[in-house]
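Only a predicted model underlies this, so the values are computations on that prediction, with no experimental measurement involved. Hydrogens, waters and symmetry mates play no part in the numbers below; they use all other heavy atoms, side chains included. A, B, ... follow the sequence lines: proteins, then strands. Residue 1 opens every chain.
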Protein chains: 2
Amino acid sequence: MAASIEDVAKRANVSISTVSRVLNRRNIVNSETRKRVEEAIDALGYRPNVFARGLMLRKSNILGLVLPDLHGEFYSEIIRGANQKTRELGYHMLVSSVTADDDGHDVLSAVGTQGLVDGIVVMVTEMSSRIRTSLSQADLPMVLLDGDVPGVKHDSVVIDQQRGAAEMVRHLLDSSPGNRVLFIGGHDTNLDTIDRLTAYRKVLAEHGLQPGRQDIVHLDYSYETAFDYASQHVLAWAEQPTTIFAANDEMAAGVVDAAIAATLSVPDELKVVGFDDTRIAQLTRPRLTTVRVPKSEMGAAAVELLCARLKEPGRPSTRITLQTELVVRESCGGR
Amino acid sequence: MAASIEDVAKRANVSISTVSRVLNRRNIVNSETRKRVEEAIDALGYRPNVFARGLMLRKSNILGLVLPDLHGEFYSEIIRGANQKTRELGYHMLVSSVTADDDGHDVLSAVGTQGLVDGIVVMVTEMSSRIRTSLSQADLPMVLLDGDVPGVKHDSVVIDQQRGAAEMVRHLLDSSPGNRVLFIGGHDTNLDTIDRLTAYRKVLAEHGLQPGRQDIVHLDYSYETAFDYASQHVLAWAEQPTTIFAANDEMAAGVVDAAIAATLSVPDELKVVGFDDTRIAQLTRPRLTTVRVPKSEMGAAAVELLCARLKEPGRPSTRITLQTELVVRESCGGR
DNA sequence: CTGAAAGCGCTTACAG
DNA sequence: CTGAAAGCGCTTACAG
């Protein structure tokens with residue numbers, strides 16, 4: 001049985017009030033008394049019970065992190081950045097994933113029962129209204145990662161991906177004039193895909209171009225699906241100068257491998273670029289031209305915002321925008 | 001202010017005892033009363049306060065997961081498997097990393113104050129006695145992932161990597177007779193490296209071979225270090241038929257890329273194999289021959305063991321051994 | 001089947 | 001500077 005505050009009090013010959021005071025606001029207790037108490041604490045290996053403390057203080061020092069998925073390099077980096085900052089600021093981190101078919105209620109149960117976490121960082125990548133509804137009912141300090149939920153009070157961390165995507169498309173158009181640029185996205189309800197697609201359309205329009213019916217396709221962000229799809233289309237694509245702009249590196253890698261399997265040369269016969277700048281981008285051959293997304297910084301910034309709000313609940317809502325950056329490598333040629 | 005059990009009791013015209021009963025042991029309360037209480041709960045959106053409950057029950061339903069690092073595909077898969085199983089069993093998961101230079105105390109503070117978590121899953125990859133000491137002082141249900149801490153009571157999940165490593169070396173020796181096999185490991189204090197190296201030596205001995213002074217090198221498991229190191233040695237290695245057995249896929253990929261940068265052909269002029277079968281193994285060209293380690297299964301199995309112990313504290317210590325498996329791809333030729 | 005009451009281990013006014 | 005006491009929101013014997 002772990003020692004309680006009462007054991008400490010007895011051993012130090014003081015009341016539990018005094019023990020509590022040396023634990024929390026050390027300055028107001030006489031230094032000799034304090035010393036006695038501290039010795040007792042050490043001797044007993046006393047550590048305050050989180051539950052009793054939480055019951056009074058109404059805070060747990062636990063932050064919840066809710067991601068769409070815990071899989072792959074992208075989320076792994078976010079978790080890493082968030083976790084590091086969390087520890088740095090003296091909190092703990094509860095991690096959860098919300099799968100696509102969870103109904104909204106689970107977003108909350110994902111972060112635990114009432115009171116378990118002091119606040120949450122949530123990444124919402126789909127526009128599903130269920131999640132939004134359940135989020136708006138959560139009466140919790142909340143930071144939204146890369147996405148907005150209108151009508152709910154929260155801080156947010158977003159990435160300026162339209163800019164990175166636009167920069168990418170401009171680079172493709174400028175470095176390989178006359179090339180047709182196709183877009184392969186995730187689901188058409190995915191917020192990131194929507195943003196990247198918007199930028200793609202915009203830049204094409206700037207250049208007096210308009211994507212054809214077949215020029216935009218929505219897959220599921222996975223290597224496998226992209227590989228399968230590309231395997232069937234890669235020869236047709238290569239009939240004219242073409243660049244595939246995939247909305248993430250995974251799919252870009254799938255396309256590259258499908259092209260190579262069809263004995264096409266990348267970038268000579270088909271150019272391919274990705275997005276995110278995950279580990280994969282540097283491991284494929286040729287290396288992927290992509291847009292760097294500051295993944296661990298996103299996690300860290302979100303945690304920082306959340307902690308700032310916990311400290312100062314009345315502060316105005318803040319939105320931090322992180323920049324993306326075009327990274328030119330080999331897969332698009334024309335450097 | 002969230003509704004409390006008292007609010008529910010008032011609204012349903014019962015005592016808090018009854019509310020508590022329908023929450024916990026529903027059967028013993030009259031069905032009409034229960035209905036009234038349930039309606040009140042719904043109407044108020046009542047959710048029990050975790051702290052009050054934890055204070056009485058002395059459990060939080062939170063499991064701690066402590067990993068050496070949160071980086072990369074390997075740990076990401078473990079987190080994923082553990083998280084899924086955790087939710088499946090109705091628990092929450094607190095994640096933390098322990099960096100190499102943490103002193104042992106941090107292993108515990110990593111999982112929180114007294115009482116925060118009901119038990120922990122810890123992965124110990126280094127032999128550092130500090131971590132072991134601090135672990136042995138933790139009076140918590142504990143599952144060790146891939147590693148033992150003698151003298152501490154715990155359950156454990158291990159992988160039979162000696163077998164996978166032995167199978168690998170045997171395959172290399174059999175499929176490319178006369179090849180010299182070099183071993184590139186992580187730090188020489190890393191438990192996985194030690195296991196894999198042991199198997200390597202054993203199989204060599206079985207074949208009447210003995211590794212030379214230069215045949216074993218310890219790096220740090222990273223792509224970059226392996227790439228740099230290999231860049232300086234790859235030409236010398238290739239002077240005679242040689243296979244590099246790297247203790248993880250990251251380093252194997254680094255060696256492959258260094259070889260290719262030196263215009264050597266893999267596997268024709270140099271063979272390279274890895275370990276873990278992470279995503280990388282399939283993305284490098286040529287694809288890596290490696291040993292599959294059941295990563296997400298490790299996480300899931302550890303959580304399962306931990307929960308079993310929480311349910312039945314007196315059960316005997318259990319050790320689950322997960323098998324590894326040789327996966328032959330292209331980087332070692334001689335299929 | 002239900003209620004009144006004790007108690008879990010803390011924090012924090014309130015007196016002194 | 002210190003102690004006695006109330007109270008945080010629950011669970012669970014103990015009576016009835």
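For the side chain to side chain contact (heavy atoms under 4.5 Å, CB included) test with B/V158, the passing option among B/L322, B/T321, B/I320, B/L144 is B/T321; the others fail.
For D/dT11, one of the phosphate oxygens OP1 or OP2 lies less than 4.0 angstrom from a side-chain nitrogen or oxygen of B/R53. Regarding contacts with the backbone of D/dG3, a side-chain N or O of A/T18 is found under 4.0 angstrom from either OP1 or OP2. At D/dC10, none of the side-chain N or O atoms of B/N49 fall inside 4.0 Å of OP1 or OP2 (strictly under the cut-off). An OP1 or OP2 oxygen of D/dT2 is reached within less than 4.0 angstrom by a side-chain nitrogen or oxygen of A/T33.
Crowding of B/E6 atom CD: a count of heavy atoms from other residues, nucleotides or ligands under 6.0 Å not exceeding 12.
Between the C1' atom of C/dT12 and the CG atom of A/L55 lies a distance of 14 Å, rounded to the nearest Å. Remark: P of D/dG3 and NZ of A/K10 are 14 Å apart, rounded to the nearest angstrom. Here C/dC1 presents its C1' atom at 12 Å from CZ of B/R34, a figure rounded to the nearest Å. Atom-to-atom, CD1 of B/I16 to C1' of C/dG7 comes out at 12 Å; the value is rounded to the nearest Å. Protein atom CD of A/E32 is 14 Å distant from nucleotide atom C1' of D/dT2, rounded to whole Å. To the nearest angstrom, C1' of C/dG9 lies 15 Å from CG of B/L116. Computed from coordinates, the B/D7 CG to D/dC8 P distance equals 11 Å when rounded to whole Å. Distance, A/K35 NZ to D/dT2 C1': 20 Å, rounded to whole Å.
Of the candidate nucleotides D/dC10, C/dT2, C/dC10, D/dC10 has the atom nearest to the side chain of B/M56. When each of D/dT2, C/dC10, D/dT12 is scored by its nearest atom to the side-chain atoms of A/Y46, the top-ranked nucleotide is C/dC10. Side-chain proximity of B/R21 to D/dG3, C/dG9, D/dA13: nearest is D/dA13. In this structure, the nucleotide among C/dG9, C/dT12, D/dT2 sitting nearest to the side chain of A/S20 is C/dT12. Looking at the side chain of B/S17, the nearest of the listed nucleotides C/dG3, C/dC10, D/dC10 is C/dG3. Considering only the side chain of B/S15, C/dA4 comes nearest among C/dG9, D/dG9, C/dA4.
For A/D146 (side chain) and A/V157 (main-chain N/O), no donor-acceptor pair under 3.5 Å exists by modelled atom type. Proximity of a side-chain donor or acceptor of B/D195 to a complementary backbone N or O of B/D192 within less than 3.5 Å is not detected.
Along DNA chain C, the nucleotide closest to A/L57 and the one closest to B/A52 are compared, and the more 5′ of them pairs with B/A52.
Between B/L310 and B/Y91 there is a side-chain heavy-atom pair separated by less than 4.5 Å.
When both distances must be under 3.5 Å, the Watson-Crick or G-U wobble mate of D/dA4 does not exist. Across the strands present, C/dA13 finds no partner; the criterion is a Watson-Crick or G-U wobble pair with both atom distances under 3.5 angstrom.
Scanning atom types as modelled, no donor and acceptor separated by under 3.5 angstrom connect the side chain of A/R58 and the base of D/dG9.
Here the closest heavy-atom approach between residue A/G119 and residue A/L306 is recorded as C-CD2, 3.6 Å.
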